[in-house]
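Before any comments, here is the structure.
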There are 2 protein chains.
Amino acid sequence: MADDAAPTAADRTTEPALACPISPVVDIVFSRWTTPVLWTLHAHGRQRFMELQRRISRITPKVLTQRLRQLERDGLVVRTYHPEVPPRVEYEISELGRTLAPLFAHLSEWATGNLEKVDRARREYDGDPAR
Amino acid sequence: MADDAAPTAADRTTEPALACPISPVVDIVFSRWTTPVLWTLHAHGRQRFMELQRRISRITPKVLTQRLRQLERDGLVVRTYHPEVPPRVEYEISELGRTLAPLFAHLSEWATGNLEKVDRARREYDGDPAR
DNA sequence: CTGTATCCCACCGGATACTG
DNA sequence: CAGTATCCGGTGGGATACAG
């Protein structure tokens, strides 16, 4: 990413090099840790930093911050800072982010049943220890 | 990819730690380079190793092999070896892999229009150099 | 509470060369 | 042609400590 002049997310759609129109979406939505963050935000609504960290149990504050910043920059998440003592920050899915919901549902639906097939394929490929 | 001893793809669906039912799918389908490989296979049908490498222009043979092996193990791609001289190997999407097509179409559809919004969000976040 | 700042290491993937 | 074998550098992310 980030090389010469200004490769935007959109023009990568037509980039001949990859010739894969969904690569940019994958970079934005499915890079490491972004899916759990988005999903948690989608499943539990607006919530604070600590709630997110607790729910995405193995994530460190550093990484969580990085992902949240990226998602905020991409317009998928909205950050609200409340200048109180102690400070309170809330995150929520943006309107744009919400348009991903059907996609996630689709993913989730595919997982049902097909994940099992993947497991079976792996076992068979590995020499079928369970038979 | 790091699926050694116990945790299968399927049981990660119910793993409390992530509590994100689509994470396993993301690991399988959207890890690095897998999307371009699957897309190219989907777009151009059964093809040989070199064709794939040529179409996914920046991929190295080593990485291409790794991804193809992974996809074959997961049952998403079928490898056919023809014992000729010189050897000929063909790859194609499996039946299971084909069930991903609607999903990819969905992704592609989301990209249309929304990618542009992401770009705008980024420019605004970065300080809007184009205004 | 909500992050930053460092240190550090494992691993991915690029480059290159070589084999059946 | 279809890979494998090595070397190797950059980077993501874990652990830990600290700041506003």
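All chains are named by letter (A, B, ...) in the order of the sequence lines, taking the proteins before the strands, and each is independently numbered beginning at 1. Not measured: the values here are computed from a predicted model.
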Choose from D/dG13, D/dT4, D/dA2 the nucleotide whose nearest atom is closest to any side-chain atom of B/P87.
D/dA2

As a test of reading the structure: which of D/dG13, D/dT4, D/dC1 is closest to the side chain of B/P61, going by heavy atoms?
D/dT4

Whole-Å distance between [N] [atom2] and [X] [atom1]?
{"X": "B/Q66", "N": "C/dC12", "atom1": "CD", "atom2": "P", "answer": "8 Å"}
{"X": "B/I59", "N": "D/dG3", "atom1": "CD1", "atom2": "P", "answer": "13 Å"}
{"X": "A/Q53", "N": "D/dG14", "atom1": "CD", "atom2": "C1'", "answer": "13 Å"}
{"X": "A/L64", "N": "D/dG12", "atom1": "CG", "atom2": "P", "answer": "17 Å"}
{"X": "A/M50", "N": "C/dG3", "atom1": "CE", "atom2": "C1'", "answer": "11 Å"}
{"X": "A/Y81", "N": "C/dT2", "atom1": "OH", "atom2": "C1'", "answer": "9 Å"}
{"X": "A/E90", "N": "C/dT2", "atom1": "CD", "atom2": "P", "answer": "9 Å"}
{"X": "A/R32", "N": "D/dG14", "atom1": "CZ", "atom2": "P", "answer": "8 Å"}

Does a nitrogen or oxygen in the side chain of [X] sit under 4.0 Å from OP1 or OP2 of [N]?
{"X": "A/T60", "N": "D/dA15", "result": "no"}
{"X": "B/R67", "N": "C/dG13", "result": "yes"}
{"X": "A/R54", "N": "C/dC1", "result": "no"}
{"X": "A/Y91", "N": "C/dC1", "result": "no"}
{"X": "A/R58", "N": "D/dG14", "result": "no"}
{"X": "A/R48", "N": "C/dT2", "result": "yes"}
{"X": "A/R79", "N": "C/dT2", "result": "no"}

Heavy-atom nearest nucleotide on DNA chain D for A/K62 versus B/K62: which residue maps closer to 5'?
B/K62

Relative to the 5' end of DNA chain D, which residue comes earlier, A/V63 or B/V89, by the nucleotide with the nearest heavy atom?
B/V89

Would a distance-only check, ignoring hydrogens and angles, find a side-chain to backbone donor-acceptor pair under 3.5 Å from B/S108 to B/F104?
no

When you measure from the side chain of B/R79 to the backbone of B/V89, do you find a donor-acceptor pair of N or O atoms at a distance under 3.5 Å?
no

Transitively linked via ILVMFWY side-chain contacts under 4.5 Å: B/V78 with B/F49?
no

Single-linkage hydrophobic cluster B/Y81~B/L68, side-chain heavy atoms < 4.5 angstrom:
yes

Hey, mind stepping through B/T35 and B/V29 against side-chain contact (heavy atoms from CB on, under 4.5 Å) and telling me if it holds?
CA-CA 7 Å; B/T35 313; B/V29 182; 5.6 Å; no

Looking at five pairs on each end of the helix from C/dC1-D/dG20 to C/dG20-D/dC1, what is the angle between the two axes, given to 10 degrees?
50°

B/D74 and A/R122: side-chain contact (heavy atoms from CB on, under 4.5 Å), yes or no, with the steps?
CA-CA 5 Å; B/D74 289 347; A/R122 285 182 180 176; 2.6 Å; yes

Step by step, work out the side chain to side chain donor-acceptor pair (under 3.5 Å) result for B/Q70 and B/R67.
CA-CA 5 Å; B/Q70 177 198 326; B/R67 293 287 76 91; 2.9 Å; yes

Which residue lies toward the 5' end of DNA chain C, A/P86 or A/R69, if each is placed at its nearest nucleotide?
A/P86

Electrostatic pair B/R48:B/E92 at N-O distance under 4.0 angstrom:
no

